[in-house]
Amino acid sequence: MDKAIYFDYAATTPTSKEVLEEMIPFFTQNFGNPSSVYSIAGKNKEAILKAREQVATAINAKDDEIFFTSGGTEADNWAIKGIAESYESKGKHIITSKIEHHAVLHTCEYLEKKGFQVTYLEVDEYGRISLQDLENAIREDTILISIMFANNEIGTIQSIKEIGRIAKEKGVIFHTDAVQALGSVHIDVKDMNIDLLSMSAHKLYGPKGVGALYIKKGVKIKAYIHGGAQEKRRRAGTENVPGIVGFGKAIELAYANREENTKKIIALRDKVVKGILENVPYSRLNGHPTERLPNNANISFDFIEGESLLIMLDMKGVCASSGSACTSGSLDPSHVLMAIGLPHETAHGSLRITLGDKNTEEDVDYLLEILPQIVQRLRDMSPLYEDFMKMNQ
Amino acid sequence: MDKAIYFDYAATTPTSKEVLEEMIPFFTQNFGNPSSVYSIAGKNKEAILKAREQVATAINAKDDEIFFTSGGTEADNWAIKGIAESYESKGKHIITSKIEHHAVLHTCEYLEKKGFQVTYLEVDEYGRISLQDLENAIREDTILISIMFANNEIGTIQSIKEIGRIAKEKGVIFHTDAVQALGSVHIDVKDMNIDLLSMSAHKLYGPKGVGALYIKKGVKIKAYIHGGAQEKRRRAGTENVPGIVGFGKAIELAYANREENTKKIIALRDKVVKGILENVPYSRLNGHPTERLPNNANISFDFIEGESLLIMLDMKGVCASSGSACTSGSLDPSHVLMAIGLPHETAHGSLRITLGDKNTEEDVDYLLEILPQIVQRLRDMSPLYEDFMKMNQ
Amino acid sequence: MYTEKVMDHFMNPRNMGEIENASGTGTVGNAKCGDIMRIFLDVEDNIIKDVKFKTFGCGAAVATSSMATELVKGKSIEEALQVTNRSVMEALDGLPKAKVHCSLLAEEAIHAALWDYAQKHNIEIEGLEPPKEDVHDHDHDDDEE
Ligand SMILES: Cc1ncc(COP(=O)(O)O)c(C=O)c1O
Ligand SMILES: Cc1ncc(COP(=O)(O)O)c(C=O)c1O
Ligand code: FES
Ligand code: FES
């Protein structure tokens, strides 16, 4: 395979050259343990401080509200379990949605086994929760609302500021998983009344294995990983200095160039969506038409199955995804696509194209050229398509 | 400061050039999410498999018994909390020692708050637990023994094989924190009857922010970080591919050259110990004289305080540590030095020199040249030394 | 982690040593953190003519001892009483948060030495309280939870 066009930036991004260059010295030269007394460790302490500031600035938080973790999954686990443990004497009810990432859903299910009650809010056909439902779901013993900023499969962005307002009015802590939104969407934790926010570096051209949790000053949250006194005694473990430095640089770059990048990416994405919908019959766009991530196109094709589609695309040098990469180990249809009301078969036949910095007009032209044939080929194999065609003859 | 001699390899090591070179392609080229379907992700899946094999081989485990984590601290938290949760219906008693790393101690303290009972075994003056004490401590409801392989401050190595034998005889699960032993000590999880073993890459010339937990086939342990299906559904979160690749390479290199390296390091270490004890009065070696890590020299000086000593050494270009770097934020004297019976003031005046691949005879000569003067200078400032000298006039 | 001034006073401590037959000495400390400070005073006509210190402690403890002796040397007893841990810290361009308590040791050691002087000479110094046993309360400002 000569050509390889990557259309799966929501699964992960390459670490950009600029980011990697910032990281390298911290592997081999400034490698000291930042907790040490001697002066060479000071460079690392400073590097971490700088990264903390870069992350804080991007989301309008204060430096001492940023706590580095091993990624978005750990941040989600910490936020939810940490609040549950801190506030269980106040109440044991948590509100989340049906379309959260598994890092949130499986954590909530874990807490259910421990005696917590969890309300999983429905979403509409575009993947948005209803603010009215949210208000109705809040009870005396509700201690946490966890609603993701933007969805990883269908790209839908929630009304975060409204949710923050409701949470504040009702005195409930508000956590949002912003792993997908970070870097491409404007985030202001103060203005949006966000108490906790999960982040991950590898979705924005930073390294894998590092993320952060924003914890608003004053929010009581138990430590989750116990041990040394790192991260102000809140997250133990020798700091991943190169990773943290890379995260800082990556988030700074993402927000420095956000508006420009967004324009470019939206144009490409709209070309993908329009091109597919116009050229492939029985296809539909999943997610919200406008309130969606700039780089996300999620489209369902009736009568075909996603894995087959991905393999055929792969043979033609195109990397894409069908639902979240994290769940590809699973055989169940995507819980997100089910939640927006797709029938089983349609949920199976979905394609997620997520664009990134290396993608060009030519890449999109190529995709639009090969995709209709591939879909047709799979449909020709499909008994569902056969039945449908016979019915409509 | 021109000269900078690093004598703190137990706090962390630089990532070696060979290791970093293996990692680099996984940042920028083979960056795909290993969970994805398309073929370029396959390279990453293979790379992780290879690293898993490298780690497994080093400790004589099977590939599918290795689970990657974000470091030693997470591995310790997971091992202990995961077993506690799996077996709490059987019993709520855990046995550990007084000289464990804080990642183990604070996790045990956390479990105590949740209703578990923990026995913290005493150690002798060399830092070894008594096997008899261990046997005596085991109860009907004991579900876990967690004893570290080698101590990070004083370097003492426990009789792991004997502990494993006792645990097996009594049917209790045995976890060992091998973060410090890994790479320089022979470890065989089968022969030593180890059920769970914590590892960290940055102590053996691998990168920070990655480690692993060995889980013996058949040991029931709950997942700790919930989310995606990574690591056979046991540890969620997008894999830190470059970190995992680096860990694999680092552990392979460490064991390929272990015997040769060990000889060299032991010679240097013995020179340090002998040189200091002979030239500085009122000094003593902490830890076991022979059953100790090849690179660890821990020495106490009466009448002086460790931080001052470290700063003065730093001014002369020498990086060392006084107790664990992880605890340097704390003001309490090291719990390890207290446990081996040192009086408070002596525990304060301890110096840990841990050697590594870059250290030379000249480095040691230099240390031995400057150290006696520095100690004397601090003693001249010390009211304790004044009192002592007056008493002995 | 320390300012240049702190490092200077640590590496080149002023007034380190003992005074034979001092008119007042004070030793304060806290066995828990292990740090001990001793101040020797030579007082003549209500003026601190000479002062020396000895310290078993961290970098901040040594530097604050040194600076505190500088601040009280040549001053009257009343002026010396005005020297607080804050003024010592300010003179050193600040200390890390976790080391603020170390500066209390210097203030207390001077007070203890003055108390000893007053006891020996049977005088009363207004505003001076008997030295405490334990100086610093270890309030790590841990943000946990
Ligand atoms: C919305 C969302 N939350 C959480 C995660 C998990 O983040 P990480 O891979 O850094 O653990 C992901 C990506 O995998 C995601 O898309
Ligand atoms: C014995 C021991 N256990 C655990 C750890 C923690 O490992 P990590 O720094 O990878 O979290 C360390 C080092 O800091 C250690 O020395
Ligand atoms: S037939 Fe292969 S997944 Fe169902
Ligand atoms: S740590 Fe106690 S005086 Fe500085």
Side-chain angles (χ1 to χ4, degrees), chain B residues 1 102 106 109-110 113 282 300-317 319 322-323 325 327-335 337-338 342-351 370 373-390 393, chain C residues 1-2 6-20 25-40 52-66 69 96-102 105 109 112-113 136-145:
Chain B
M1 187 186 70
H102 282 148
H106 290 338
E109 288 156 14
Y110 167 83
K113 281 190 225 143
Y282 315 115
S300 289
F301 303 101
D302 285 339
F303 320 121
I304 68 171
E305 193 274 335
E307 196 205 83
S308 299
L309 181 58
L310 293 189
I311 298 175
M312 290 218 170
L313 283 170
D314 183 33
M315 298 302 286
K316 296 275 184 186
C319 307
S322 176
T327 61
S328 74
S330 141
L331 303 173
D332 297 329
S334 145
H335 66 283
L337 298 178
M338 299 300 286
L342 295 196
H344 271 244
E345 310 87 47
T346 312
H348 262 291
S350 86
L351 177 68
I370 61 167
Q373 304 157 18
I374 291 177
V375 171
Q376 193 51 49
R377 194 160 156 206
L378 287 169
R379 283 184 176 160
D380 288 342
M381 277 197 212
S382 166
L384 296 174
Y385 187 62
E386 182 191 322
D387 294 349
F388 174 81
M389 293 310 269
K390 285 200 178 131
Q393 258 166 7
Chain C
M1 113 172 156
Y2 289 132
V6 173
M7 287 306 292
D8 178 36
H9 277 263
F10 175 74
M11 291 309 289
N12 312 295
R14 329 290 201 261
N15 308 309
M16 201 278 290
E18 301 166 42
I19 298 175
E20 298 267 343
T25 61
T27 303
V28 296
N30 178 324
K32 195 177 167 211
C33 103
D35 294 346
I36 296 167
M37 193 181 296
R38 180 171 297 160
I39 293 275
F40 305 83
K52 295 268 190 229
F53 81 90
K54 284 212 169 173
T55 293
F56 166 86
C58 67
V62 173
T64 49
S65 315
S66 166
T69 58
K97 231 176 165 185
K99 293 287 182 181
V100 171
H101 73 278
C102 310
L105 213 49
H136 40 313
D137 49 345
H138 276 254
D139 55 328
H140 314 224
D141 60 319
D142 60 335
D143 269 327
E144 195 171 5
E145 297 167 6

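In what follows, chains are A, B, ... by sequence order, proteins preceding strands, each numbered from 1. All values derive from a computational prediction rather than experimental measurement.
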Inset, instruction - Drop me the distance from Ile36(C)'s CD1 to Asp387(B)'s CG, to the nearest 0.5 angstrom. - result: 8.0 Å

Inset, instruction - Mark yes or no for whether Glu305(B), through its side chain, and Phe56(C), through its backbone, hold a donor-acceptor pair below 3.5 Å. - result: no

Inset, instruction - Examine whether an atom of Ala60(C) lies under 4.5 Å from a heavy atom of chain B, and if so say whether it belongs to the side chain, the backbone or both; otherwise answer neither. - result: backbone

Legend entry - Exercise: identify the closest heavy-atom pair between Arg377(B) and Asn12(C): NH2-N, 4.3 Å

Legend entry - Reported CG-to-NZ distance for the pair Leu384(B) and Lys54(C), which is rounded to 0.5 angstrom: 10.5 Å

Inset, instruction - Could you tell me whether the side chain of Asp35(C) reaches within less than 4.5 Å of the side chain of Glu307(B), counting heavy atoms only? - result: no

Inset, instruction - Could you tell me the separation between the OG atom of Ser308(B) and the CE atom of Met11(C), rounded to the nearest 0.5 Å? - result: 10.5 Å

Legend entry - Proximity of residues 13-20 of chain C to chain B, residues having a non-hydrogen atom under 4.5 angstrom: Pro13(C), Met16(C), Glu18(C)

Legend entry - Interface residue of largest heavy-atom contact number with chain B, from Ser65(C), Gly59(C), Cys58(C), under 4.5 Å: Cys58(C)

Legend entry - Region of Phe303(B) in contact with chain C, defined by heavy-atom distances below 4.5 Å: backbone

